[in-house]
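Please read the structure below before turning to the comments.
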Amino acid sequence: HIQGPPATCGLGTMEPEEDTSRDLLLNDVHDIQSTHQELQHKYSEFEIALKNMYTKMDAVRSVLGKHKKAVSDVKGEIERSRQFDTEEKEAYADELADKLAEMRRWAASFPSPNSLLLSLVLGNVNVRLYNVMDRFKYKEDYEKFKLKATLVMLTFASLSTALHWAWGSANLRPLDNSFNFLLLWFYSVVTMREHILISNGSRIRGWWLMHHYLSISMSALMLIWPDSPYYRMFRPQFQAFSFYIGLTQLMQFQYQIRRLYTLRALNKVDKMESIPEVVNSKSLSLLLPFLIAGHVWQLYNSYWLGRVYFFNEDAKWQVLSLCLIFGALGLGNLSTTVLTVHHKATSRGRRRTPSASVGVGGSAGSRNNQKKAQ
């Protein structure tokens, strides 16, 4: 084939277009150089601002700690002093208490030392989220995670219980191990996230953390308990118990999440407040029978395992360990529930009797209202 001359574009060759393309590329390079210089300047400003922020943070924390101690000392001296009448003493005490509460909120904005668990797992890493919306989003994600995981475990427990009644427990050990590993993973992740939430200002009772530690140990023991007649005897009881606990947790979560959103909308609770710390009287009265039944079931599991261990010489050490863990869970949950009910009852009694709330833990607003009424 004979190839003809290069194609032309009527007015000559393609050289003008190539020159135009080169000019455009050079303009792009100049734009990039200019933007990059501007970005370097902004990044330098950011580094200076970040350094100044940490310097100011250290200065504020130092003054805040000293001022908080001074306010606390003066508040204690005023409460013990006899140089003020009752109304003056309460007015100054309320004012200083509000200042202490405000300083606690300020202190929650600064990094705090990691808990032992976070230090062991993450090391000396700052897990503090400085942006308020980031902290709130993390809290929302934690709540959604608990709900989704509870639904998954409830489905798993339902399937395992149904298969037990259909096929027996001889060939279901792989399913049991998967479920126990799921429980172990869930309680481990929840415990880690709760420690991060505490570092970001959430209030979580020490018992709930201890409850999760015990649940982690329980799940691990169920996972490594060798297959034996005692394991097969306890298995349907444990699966039914897990299904019941999952159902109760789901009911409790639904009631408390609605209450928490209501209180947040009314600005009566902090956005970082934890769901277990928010209890509504109505929801508590509806859930109380189910909660008590679950706590009693835990104590019964402890009793059953204790009888197996002490009356059978071939029982493994996992039986005794699970006996102690179920006993601790049952007693701890039962005592916490009773204390919560008692606290709600006494709080309602104080609200109904205004004079009883003066100086006995009533809010500053209620005490001021009582003074105005007088």
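The first residue of the sequence shown is numbered 1, and numbering continues consecutively from there.
Environment of CD in Gln40: crowded, with over 12 heavy atoms of neighbouring residues, nucleotides or ligands closer than 6.0 Å. Within 6.0 Å of CE in Met57 there are more than 12 heavy atoms belonging to other residues, nucleotides or ligands. By the neighbour-count criterion of 12 heavy atoms within 6.0 Å, atom CZ of Phe181 is sparsely surrounded, having that number or fewer from other residues, nucleotides or ligands.
Screening residues 312-325 for side chain to side chain donor-acceptor pair (under 3.5 Å), with sequence neighbours left out, gives Tyr230-Asn312, Tyr230-Asp314. Pairs engaging residues 48-72 under the side chain to side chain donor-acceptor pair (under 3.5 Å) rule: Lys69-Asp73 [sequence neighbours left out].
In this structure, Leu116 is not a member of the same hydrophobic cluster as Ile204, with clusters built from ILVMFWY side-chain heavy atoms closer than 4.5 Å. If you chain together hydrophobic residues whose side chains sit under 4.5 Å apart, Leu331 and Val338 never meet in one group. By the criterion of side-chain heavy atoms lying less than 4.5 angstrom apart, applied directly or through intervening Ile, Leu, Val, Met, Phe, Trp or Tyr residues, Leu26 is not grouped with Ile32; the two fall into different hydrophobic clusters. If you chain together hydrophobic residues whose side chains sit under 4.5 Å apart, Leu175 and Ile224 fall into the same group. Linking ILVMFWY residues whenever their side-chain heavy atoms come closer than 4.5 Å, directly or via other members, leaves Val341 and Leu339 in distinct clusters.
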As a quick check of understanding, evaluate side-chain contact (heavy atoms from CB on, under 4.5 Å) for Tyr138 and Leu197, giving each step before the final call.
CA-CA 8 Å; Tyr138 187 82; Leu197 286 172; 3.6 Å; yes
Start with the C-alpha gap between Tyr309 and Leu305, add the side-chain angles, then the distance that decides, and say whether side-chain contact (heavy atoms from CB on, under 4.5 Å) holds.
CA-CA 6 Å; Tyr309 182 79; Leu305 291 166; over 6 Å; no
Full working for salt bridge (Lys or Arg N to Asp or Glu O under 4.0 Å) between Glu79 and Lys75
CA-CA 6 Å; Glu79 291 175 343; Lys75 180 175 179 292; 2.7 Å; yes
For the pair Phe326 and Leu299, evaluate side-chain contact (heavy atoms from CB on, under 4.5 Å) and give the outcome as yes or no after the intermediate values.
CA-CA 6 Å; Phe326 273 112; Leu299 294 175; over 6 Å; no
Mind running side-chain contact (heavy atoms from CB on, under 4.5 Å) on Leu147 and Leu250 for me, showing each step along the way?
CA-CA 7 Å; Leu147 176 60; Leu250 186 61; 3.5 Å; yes
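Minimum heavy-atom separation, Leu334 to Ile292: CD1-CD1, 3.7 Å. Minimum heavy-atom separation, Ile78 to Leu96: CD1-CD1, 3.9 Å. Taking both residues in full, the closest heavy atoms of Val308 and Val319 are given as CG1-CG1, 4.1 Å, listed atom of the first, atom of the second, then distance. For the residue pair Cys323 and Ser302, the shortest heavy atom distance occurs at O-OG, 2.7 Å. Here the closest non-hydrogen pair linking Trp297 and Gln237 is CZ2-O, 4.0 Å. The minimum heavy-atom distance linking Ser219 with Tyr187 is given by the pair OG-CD1, 4.0 Å.
The ring pair (Phe, Tyr, Trp, His ring centres under 6.0 Å) test applied to Trp304 returns Phe234, not counting sequence neighbours. Taking Glu47 as the reference, Tyr43 meet the side chain to side chain contact (heavy atoms under 4.5 Å, CB included) condition, with sequence neighbours excluded. Residues meeting the ring pair (Phe, Tyr, Trp, His ring centres under 6.0 Å) test with Phe84, sequence neighbours left out: Tyr92. Legend: residues meeting ring pair (Phe, Tyr, Trp, His ring centres under 6.0 Å) with Tyr231, ordered by chain and number and at least two apart, are Trp225.
The aromatic rings of Tyr300 and Tyr303 are tilted relative to each other, their planes meeting at an angle between 30° and 60°.
A distance of 3.5 Å separates OH in Tyr142 from CD in Glu194, rounded to the nearest 0.5 Å. Note that CE of Met192 and CG of Leu117 are 4.5 Å apart. Values are rounded to the nearest 0.5 Å. Here Leu25 contributes atom CG and Asn27 contributes atom CG; the two are 9.0 Å apart, rounded to the nearest 0.5 Å. Between atom CE of residue Met210 and atom CG of residue Leu329 there is a gap of 10.5 Å, rounded to the nearest 0.5 Å. Annotation: the span from Phe179 atom CZ to Leu159 atom CG amounts to 10.5 Å, rounded to 0.5 Å. Annotation: the span from Arg173 atom CZ to Arg232 atom CZ amounts to 9.5 Å, rounded to 0.5 Å.
In terms of modelled atom types and a separation under 3.5 Å, the side chain of Asp141 and the main chain of Lys137 share no donor-acceptor contact. Between the Asp176 side chain and the Ser160 main chain, no donor and acceptor come within less than 3.5 Å of each other. Put simply, the side chain of Asn200 gets close to the backbone of Leu129: a donor and an acceptor are under 3.5 Å apart. Although no hydrogens or angles enter the test, the distance criterion places a donor-acceptor pair under 3.5 Å between the side chain of Thr248 and the main chain of Tyr244. Put simply, the side chain of His295 gets close to the backbone of Leu291: a donor and an acceptor are under 3.5 Å apart. When atom types are taken as modelled, the side chain of Ser119 and the backbone of Asn124 share no donor-acceptor pair closer than 3.5 angstrom. At distances below 3.5 Å, at least one donor-acceptor pair connects side-chain atoms of Ser199 with backbone N or O atoms of His195. The main-chain N or O of Thr336 is found under 3.5 Å from a side-chain atom of Thr340 such that the two form a donor-acceptor pair.
No salt bridge links Lys144 with Glu140; every basic N to acidic carboxylate O contact stays at or beyond 4.0 Å.
When only modelled atom types and interatomic distance are considered, His41 and Gln37 share no side-chain donor-acceptor pair under 3.5 Å.
The shortest side-chain heavy-atom distance between Phe238 and Asn301 does not fall under the 4.5 Å cut-off. The shortest distance between side-chain heavy atoms of Met53 and Leu50 falls below 4.5 Å. When side chains are defined from C-beta on, Gln33 counts as touching His30, because their heavy atoms get closer than 4.5 Å.
Considering Leu322, Asn180, Leu184 in turn, Leu322 is the only one that fulfils the side chain to side chain contact (heavy atoms under 4.5 Å, CB included) rule with Leu221.
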